[in-house]
S.K.: 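Dropping a structure here in structure tokens format, bear with me for questions.
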Amino acid sequence: MAKSHKTIDPAAKAMLEKAAELEITTAFDRVDEMKPCPIGSKGQCCKNCAMGPCRLTKEGQVGICGATVETVAARNLARAIAAGAAAHSDHGRDMAFVLHGAATGEAPGYQIRDEFKLREVARDLGLEVEDRTKEEIAIDVAEKALAEFGKQSGELTYLARAPKKRQEIWRELGIAPRGVDREIVEILHRTVVGNDQDPEHILDQGMRAALGDGWGGSMLATDISDILFGTPSPLVTQVNLGVLREDEVNIVIHGHEPTLSEMVVAAVRDPEMIEYAKSKGAKGITLAGICCTSNETLMRQGVPSAGNFLDQELAILTGAVEAMVVDVQCIFQSLVDLAENYHTKVITTSPKAKITGALHMEFDEHRAPEIAREIVKTAIDNYPNRGSTYIPDMQENMVPGFSHEYVRYMLGGYYRGSLRPLNDAIMAGRLRGVAGVVGCNNPRVVQDEAHFEIVKEFLKNDVLVVQTGCGALCNAKYGLLQGEALEVAGPGLREICETVGIPPVLHVGSCVDNSRILTVLAEMATEGGLGDDISDIPGVGIAPEWMSEKALAIGTYFVASGAYVIFGVKSPVEGSEAVTDLISRRWEEKTGGKLEFEPDPKKIVKKSLEHIDKKRAALGLPEYDPARFGQSGDRRWQAWLKAREEGAEVSLYSMAGVPAGEE
Ligand code: NFS
């Protein structure tokens with residue numbers, strides 16, 4: 001197939017062939033035409049004032065103001081972290097406004113779906129919950145949440161959710177965030193010309209703003225989304241372009257915030273709307289997601305996913321999408337031009353994000369159900385305009401929805417929910433460790449390849465994997481987010497997953513839900529047996545195909561929380577050895593976590609496993625030895641292994657019902 005070097009996804013390959021046939025270009029083509037600036041991409045270009053831009057390419061060269069390449073690279077990285085933190089945290093702020101409206105009745109259509117979580121969150125925020133209605137509590141939670149953004153001094157309330165030792169490290173380093181917004185603004189201030197010019201000091205503020213996102217804005221986004229739309233628990237749904245339907249109205253929701261998408265979900269399920277679609281000749285309405293909106297709706301509503309970041313243009317190329325409804329973040333401007341070739345309407349909805357040429361139907365939480373219905377109606381009205389379509393017949397099942405609450409529940413039930421069994425499994429060596437594999441696609445590397453290769457290797461090595469964002473959608477496409485994936489898991493991991501009844505890769509949500517991983521890590525650290533801080537845990541965080549500034553903010557808050565984080569693709573600070581050393585070796589001295597950039601997926605796996613083993617050794621845990629757990633009590637598994645040894649191409653899951661003794 002043509003262009004197979006661009007993606008490992010057969011559906012994407014088919015769509016790229018189609019695009020080539022039609023002479024339509026996508027990001028997969030533009031990436032070849034657009035050579036990245038070799039100076040800017042390494043962090044050596046400063047454009048923070050009109051004396052420049054200064055390009056610092058020679059040894060010892062400084063900018064017109066005298067700024068060194070170290071200062072310039074650090075400033076650029078800090079600004080990227082600020083932008084990323086701003087995006088995810090602003091999402092959290094919007095959720096707080098909607099919660100407020102839901103509680104006062106000013107945002108009809110929204111409800112408090114998880115009162116239990118509301119009360120828990122209220123307690124964590126130090127609010128009174130006894131003898132109060134859920135609406136009263138919700139108003140306080142929303143106001144307290146909004147105040148966290150504008151807090152000027154003290155510390156973010158949620159920092160108390162971190163292990164004690166971690167909190168002390170933040171205080172000692174002076175990087176405990178005061179307010180979500182304040183730390184972001186301070187980065188912009190510090191990096192303005194002629195201000196903070198000490199790379200380490202600049203990047204300390206980078207960590208502070210990132211922590212404000214992870215333990216503040218993003219964590220609030222997660223909590224409030226759960227309160228409003230329900231705390232996720234596992235369900236079965238499908239992923240990839242094959243979820244679009246030839247004979248139905250297809251609406252794709254793309255972007256991030258669940259406030260709009262949840263209302264669209266309600267509208268497409270409305271029998272009146274379905275009847276209306278039928279009146280236009282369609283059999284019904286199919287809703288599918290892209291990017292983090294997809295994660296939000298698939299884990300709570302079972303809405304199938306059309307794919308991840310690089311699938312957004314490909315969905316339009318099917319010719320079968322009546323409307324692509326977008327809100328904020330990760331939306332290609334190219335969608336509008338691309339849609340010109342089809343009947344597809346690109347509908348922007350956020351007051352924060354318009355795209356020239358798109359149809360703008362502005363979302364307002366005060367009349368959300370009505371607007372959602374207008375959007376759905378617009379899509380239905382567009383169905384008769386559809387031309388020829390080409391939907392690749394490819395989709396895979398996945399099981400999303402492992403919120404940290406559910407993880408605790410599945411390991412111990414309602415009354416004894418805890419992470420104890422997880423810690424025990426790591427301590428015994430059944431699980432070698434844990435890995436969070438998260439983040440985007442980037443057309444500079446083969447779509448999905450690094451995500452898939454790295455996660456498969458982790459599974460083989462008995463590393464339990466948690467995923468969010470586009471990374472989760474990626475591996476769902478290849479079947480790793482379902483029980484069948486146990487075929488590639490090592491024996492210890494497989495045994496744990498079979499006992500608990502989970503896939504070896506747990507989908508924990510969208511990118512703001514990386515905060516759920518922080519919560520799990522904090523609980524693992526305090527549960528006992530794995531040290532007393534996040535930095536003691538045998539675990540790693542990987543963003544193999546990152547592209548967004550949001551990924552840098554996430555990576556930085558994990559490092560500042562004590563984790564070893566490795567990014568693929570390339571380093572944005574490659575031009576400065578000193579900054580490269582600062583964010584790895586120096587940050588490790590300070591926080592126990594470090595940030596590295598490593599384009600080779602094999603090396604990422606090697607470094608990760610070495611780190612996990614080093615942490616195991618430091619805890620005095622037995623050395624990882626897969627042979628110890630090779631003898632499974634599962635007859636079906638033994639029969640499968642034998643069949644495989646004999647060369648049979650057989651699936652473990654086709655072997656259900658192997659009679660006892662036959663192996
Ligand atoms: Ni995350 Fe969402 Fe995907 Fe990357 Fe974009 S969707 S918030 S940034 S591309 S993982």
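Just so we're clear, the structure is a prediction, and the values are computed from it rather than from any experiment. In each ligand, atom 1 is the first atom listed, and ligand 1 is the first ligand listed.
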S.K.: Using the side-chain hydrogen bond (donor to acceptor under 3.5 Å, both in side chains) criterion, which residues pair with D600? Sequence neighbours excluded.
M.R.: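 So D600 forms no side-chain hydrogen bond (donor to acceptor under 3.5 Å, both in side chains) with any residue.
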S.K.: Decide yes or no for V321 and Y342: does some side-chain heavy atom of the first lie under 4.5 Å from some side-chain heavy atom of the second?
M.R.: no
S.K.: Any side-chain donor-acceptor pair under 3.5 Å between T468 and D513?
M.R.: no
S.K.: Considering atom 5 (Fe) of ligand 1, could you give the total of protein N/O/S atoms lying closer than 2.8 Å?
M.R.: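 Near atom 5 (Fe) of ligand 1, the number of protein N, O or S atoms below 2.8 Å is 1.
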S.K.: Under 6.0 Å from the six-membered ring centre of F149 and within 45° of its axis: does the NZ or CZ of R93 meet both?
M.R.: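 Output yes; distance and angle both within limits.
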S.K.: With a 4.5 Å heavy-atom cut-off, do V573 and I583 have their side chains touching?
M.R.: yes
S.K.: Check each atom of ligand 1 against the heavy atoms of H88 and keep those under 4.0 Å away; list them by number with element.
M.R.: 7 (S)
S.K.: Check the pair L260 / T293 against side-chain contact (heavy atoms from CB on, under 4.5 Å), numbers first and verdict last.
M.R.: CA-CA 9 Å; L260 165 74; T293 285; over 6 Å; no
